[in-house]
Structure formats: structure tokens, C-alpha cells
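The structure appears right after this line, and notes come after that.
Note on naming: letters A, B, ... go to the chains in the order of the sequence lines (proteins, then strands), and numbering restarts at 1 for each one.
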Amino acid sequence: MNWQSDFNTIEVSFAPTLEAWYEYHKRDLPWRHTRDPYLIWLSEIILQQTRVAQGKPYYERFVEAYPTVANMAAADERELLRLWQGLGYYSRARNLHQTARYVTKDLDGKFPDTYSELLKMKGVGAYTAAAIASFAFGERVPVVDGNVYRVLARVFGIEEDITTTGAKKTFSALATRLIQSAHDPATYNQAIMEFGAIQCTPVSPDCLLCPLQQQCAAYLTGRQHLLPVKAKKAPVRERFFNYFIFRIDGKMAMRERTDKDIWQNLHDFCLVETDEPKALLRTIPLPESVEKLVERSILVEPPVTLTQLLSHQRIRATFYLMDVTEGDLNSLPVGLNWYTYKEISQLPKPVIITNYFGDLLG
DNA sequence: AAATCGGGGAG
DNA sequence: CTCCCAGATTT
């Protein structure tokens, strides 16, 4: 047996081995009890870059609120964002809504049933299209997610930087070969991701009880902890937010974020961003409309500073709670509107805003 | 090809 | 602290 046929033997046994492992080790997760493409799509969007433990309660709430794609299409986008609040990557919620309407209106409620048609939906890329196509329709297309990168890099000893375009092609090509030997494409795709999530984990993988131990290039050379190779991320950008919370008669001034920036379509307060931290209110350069409002307001408590860490940014926000004492309530700076506390509790807001409110307003 | 988009949990 | 999670889209 030469090296070529030996290599092919590993490729052919790979999928059946994982499928067998999966039948014994799989977790009982809610989206594994359905083949409804709508529910599978919903679960996959929620789980993008999101751990199962974090996404699961959101999935339950969304299924309860919108049992069908038509229900979701009929909903208000703000309602979806409110349900999505705290999960991050809010474009997912906006795309969810847009795609629900696309399926309901343009496709007459019939969910796309092939990889290439699924790929046309907003928010559905190569991974999600493959997941829905295989889980709901049995199509033989491989999922390639973070788990798959890790498992394949280790078992096959691939040292390419997984953040590059070339690696994406390498791993996809290998994954396409491997799924050909699967007994069932849906089971195999579930299996390799589950295997990455609970056996071949990023830190301290359970190699001693691994069914692929003697076929794993990384284990056989003691390089588990070195694979996959991944370029380091750029350092996070520091940002300083100065929030003015204008308050009067049980209302607060808030605005919907519409700039091409974080937290699009979520609601926050009057924001003045500075390029350095400002400990004193009078040192913050204010736009004229804000300055005029500040002048007829009084600071009702010492400013509170909170920090929110994002993937690429560290937000340090200082909150100035201001009671407006006089003047025309109809003349707020552009974009701001008065909201009652009850209304505010229903608005989708960034986590740092809900943290500021504490238990007062969700 | 590189940057951007959240938030949380594990170690 | 660092890493990374059932990635996609924009620049």
C-alpha cells in the first residue's frame, strides 16, 4: 500500500467514523427535532458566531413569537430587534426580517430548497446555505465552519492560516471530498461540528478518547495545540462616548442609530464622541444644539462610566443624567425624540445602555 | 484581501 | 488577559 492509497483510506473512513461517534455523543438540541427549513434557517442565523448555550434561549423565544416564516414576515422590524437584543451582530436580525418577507412575498411562502437558491438569501452565506440544504433537504454539500476548520486542520495536518482566502478553498475542497463517503450528509455535517464542539475542542482536546486518534496528523506529531493556524487579530480601537440623557416629566430623549457604525437601528441617547476620555463636562466640545440644551439643564447625579468590549472596539461610555428645567420641549437636537419609560423599555437597545439602566428598564 | 459587525464564556 | 464561537457583508 503506497502513501496515496493510504491517504485515501483515511478520507474514506473519516465520515463514517464521525457519524458513528455522533450517534453516541450527540446533544439533544431543540433545532435537531425538526426538518422545517424555516426553523433550521432561524437556528443557523442565531448560531452564527454564537455559542449554542448563548443562542438556545433566543431560538426558543423566536420560535414562540414567530412559529412560521409568514409570522416573522408580518412582524415589525423593531420587534425583531427587541427580541434579538443582547445577541450582537444586529444585521443578522435585520436580514432575518428582510429574508422572511422575501420568502413570504416573492417566493409565495415556499422556502428555497437547494444550496444555490438558499445562497441568494440575505444573511445566508456558504456555511448557512450548506447547513440548511443538508439538514432540511438532504443535499450532499459540506458545512465549513470554525469547528470544521479545526477538525480538518488537525486530522489532516493542514498548516495554512485559516483566515486566508486560499485556506477557505483548501478546506472546502477537502470537505467536499470527505462528505462523499458519508452515509447521510445531514448526519455527517452535524457530526463534524458536534465533534469539534465537544471532542476536538480549541483548548485541551480530548485526544485520549478520540476515535480518530491513530489517524490524526496533529496527534501523531504532538501538534494538536498548534492547529489550526490562525493569524492574530488587530488590536481593538478605543472609543469614548459621552452620553447626555435629557430627562423631563417622566420622559427621556433617545434616538435610533442610523449611521454606518455599530448598533445600527438600536436606540441610545444624545451622543458626543471624543477622541480621548473627558472627565469634566465643560471640556467636552458640544454641537450648538446640544450645548443650548445642556445650558438649560442640571446634572442630577455624578456621571457614570461603563465599559463595553466588542470584537474590534472598546467603548468607554460616560453617562450624564440631565434634568431639563425650562424651555421648548419640541426643540430637541436632530434625531432625538422624547420617550416615556414604558416606551423605552420596549425599544431595542445596546447592552451598554441596558446595563446603565440596570434593573429599572429592560 | 482586509475590515467590520457583539456579546459572552472558558481558561 | 486571550481566544473563539453552527459567519456574512462591505470596502
Side-chain angles (χ1 to χ4, degrees), chain A residues 22 26-27 29-32 40-59 81 84-96 98-99 118-135 142-151 161-169 171-172 175 186 188-198 200-205 225 228-237 239 257 259-266 306-315 348-355:
Chain A
Y22 178 69
K26 65 180 175 187
R27 292 168 292 180
L29 300 174
W31 45 85
R32 288 182 174 161
I40 291 170
W41 164 69
L42 173 60
S43 72
E44 292 301 337
I45 300 298
I46 288 174
L47 291 170
Q48 285 170 5
Q49 291 293 286
T50 304
R51 293 171 185 279
V52 165
Q54 188 187 2
K56 191 171 161 183
Y58 284 84
Y59 175 78
L81 278 168
W84 197 271
Q85 179 174 295
L87 199 52
Y89 287 153
Y90 296 94
S91 66
R92 290 185 292 171
R94 298 191 300 271
N95 290 334
L96 205 59
Q98 184 176 334
T99 295
L118 288 161
L119 208 47
K120 295 176 181 174
M121 306 196 301
K122 271 287 199 315
V124 174
Y127 162 76
T128 305
I132 303 170
S134 61
F135 300 159
V143 293
V144 182
D145 74 334
N147 291 303
V148 174
Y149 277 118
R150 184 169 57 257
V151 172
D161 175 359
I162 64 170
T163 65
T164 65
T165 313
K168 187 179 176 67
K169 294 177 67 176
F171 284 85
S172 296
Y188 165 70
N189 276 338
Q190 294 275 9
I192 189 168
M193 289 192 289
E194 190 79 337
F195 184 76
I198 50 188
C200 193
T201 50
V203 181
S204 56
H225 62 293
V229 175
K230 188 174 184 178
K232 282 182 220 167
K233 299 178 298 185
V236 301
R237 176 160 68 117
R239 298 180 73 179
R257 295 178 60 87
D259 295 348
K260 197 183 71 178
D261 197 355
I262 55 173
W263 304 329
Q264 242 182 70
N265 300 82
L266 274 61
L306 301 178
T307 300
Q308 175 77 41
L309 199 58
L310 282 51
S311 297
H312 294 69
Q313 307 179 18
R314 185 207 313 277
I315 311 292
K349 300 173 287 294
V351 161
I352 197 168
I353 301 296
T354 57
N355 283 348

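- Residue-level contact check: A:Lys260 touches the backbone only, with heavy atoms under 4.0 Å from sugar-phosphate atoms and none from bases.
- For A:Thr165, the listed nucleotide lying nearest its side chain is B:dA1; candidates were C:dA8, B:dG7, B:dA1.
- Here A:Gln49 reaches the OP1 or OP2 of C:dG7: one of its side-chain N or O atoms lies under 4.0 Å away.
- Nucleic acid contact for A:Leu87: base, since at least one base atom lies under 4.0 Å from a heavy atom of the residue.
- You'll find that the side chain of A:Arg92 is closest to B:dG6, out of B:dG8, C:dG7, B:dG6.
- Straight-line distance between the P atoms of B:dG6 and C:dT11: roughly 14 Å, to the nearest whole Å.
- Here B:dG6 presents its P atom at 8 Å from CG of A:Leu266, a figure rounded to the nearest Å.
- Residues A:Leu119 and A:Ala129 approach most closely at CD1-CB, 3.8 Å, considering heavy atoms.
- A:Gln264 comes within contact range of no nucleotide atom at all, as no heavy-atom separation falls under 4.0 Å.
- With C:dC3, C:dA6, B:dC5 as the candidates, the nucleotide lying closest to the side chain of A:Gln313 is B:dC5.
- For A:Asn95 and C:dT10, the CG to P distance is 8 Å, given to the nearest whole Å.
- Residue-level contact check: A:Ala53 touches neither bases nor backbone, having no heavy atom under 4.0 Å from any strand.
- Side-chain contact between A:Thr128 and A:Met121 is absent, with no heavy atoms from C-beta onward closer than 4.5 Å.
- Taking for each of A:Glu194 and A:Gly123 the nucleotide of DNA chain C with the nearest heavy atom, the 5'-most of the two is the partner of A:Glu194.
- In this structure, A:Arg150 reaches the sugar-phosphate backbone alone: every heavy-atom distance under 4.0 Å involves primed, P, OP1 or OP2 atoms, never a base.
- No side-chain donor from either of A:Arg92 and A:Asn95 sits under 3.5 Å from a side-chain acceptor of the other.
- The distance from atom OH of A:Tyr89 to atom C1' of C:dC5 is 10 Å, rounded to the nearest whole Å.
- Distance from the side chain of A:Ile262 is smallest to B:dG6 among B:dG6, C:dA6, B:dG7.
- Distances shorter than 4.0 Å separate some side-chain N or O of A:Trp263 from OP1 or OP2 on B:dG7.
- Rounded to whole Å, the P atom of B:dA10 lies 12 Å from the corresponding atom of C:dA6.
- Nearest to the side-chain atoms of A:Asp261 among the listed nucleotides B:dC5, C:dC4, C:dA6 stands B:dC5.
- For the pair A:Tyr90 (side chain) and A:Gln85 (backbone), a donor-acceptor distance under 3.5 Å is absent.
- Residue A:Gly196 is out of contact with every strand shown, counting any heavy-atom pair closer than 4.0 Å.
- For the pair A:Arg257 and A:Ile262, the minimum side-chain heavy-atom distance is below 4.5 Å.
- Atom pair A:Lys168:NZ and C:dA8:C1' shows a separation of 9 Å (rounding to whole Å applied).
- Between C:dA8, C:dC5, B:dG8, one nucleotide has an atom nearer to the side chain of A:Tyr127 than all others, and that is C:dA8.
- Between A:Val124 and A:Trp41, the closest side-chain pair of non-hydrogen atoms falls below 4.5 Å.
- Residue order along DNA chain C, read from the 5' end via each residue's closest nucleotide, puts A:Trp31 first among A:Trp31 and A:Val124.
- Checked against C:dA6, B:dG8, C:dC3, the side chain of A:Lys232 finds its nearest nucleotide in C:dC3.
- For C:dG7, the base has no donor-acceptor partner in the side chain of A:Thr128 [N/O atoms by modelled type, under 3.5 angstrom].
- In this structure, A:Gln49 contributes its side chain and A:Tyr89 its backbone to no donor-acceptor pair below 3.5 Å.
- In terms of heavy-atom proximity, A:Pro30 sits nearest to A:Lys56 at CD-CE, 4.0 Å.
- Contact annotation for A:Val143: no contact, since no heavy-atom pair falls under 4.0 Å across all strands.
- Straight-line distance from the NE2 atom of A:His312 to the P atom of B:dG7: 14 Å, rounded to whole Å.
- In this structure, CZ of A:Arg257 is placed 9 Å from P of B:dG6, rounded to the nearest angstrom.
- Residue A:Ser91 is out of contact with every strand shown, counting any heavy-atom pair closer than 4.0 Å.
- Remark: the A:Tyr127 side chain and the A:Glu44 side chain contain an N/O donor-acceptor pair separated by less than 3.5 Å.
- The A:Arg51 side chain lies nearest to C:dC5 when the options are C:dC5, C:dG7, C:dT11.
- Secondary-structure annotation of DNA chain C gives the stems B:1-5 with C:7-11, B:7-11 with C:1-5, with a stem taken as at least 3 successive Watson-Crick or G-U pairs whose two distances both fall under 3.5 Å.
- When the C1' atom of C:dT10 is taken as reference, atom CZ of A:Arg94 falls 13 Å away, rounded to whole Å.
- Listed nucleotides B:dG11, C:dG7, C:dA6 differ in distance to A:Gln48; the shortest reach to its side chain belongs to C:dG7.
- Following rounding to the nearest Å, A:Leu47 (CG) and C:dC4 (P) show an atom-to-atom distance of 19 Å.
- Mapping A:Thr164 and A:Gly88 onto DNA chain B by nearest heavy atom places A:Thr164 closer to the 5' end of the strand.
- Using a 4.0 Å cut-off, no side-chain N or O of A:Gln54 falls inside it from OP1 or OP2 of C:dC5.
- The backbone N or O of A:Val236 sits nowhere less than 3.5 Å from a side-chain atom of A:Arg314 that would complete a donor-acceptor pair.
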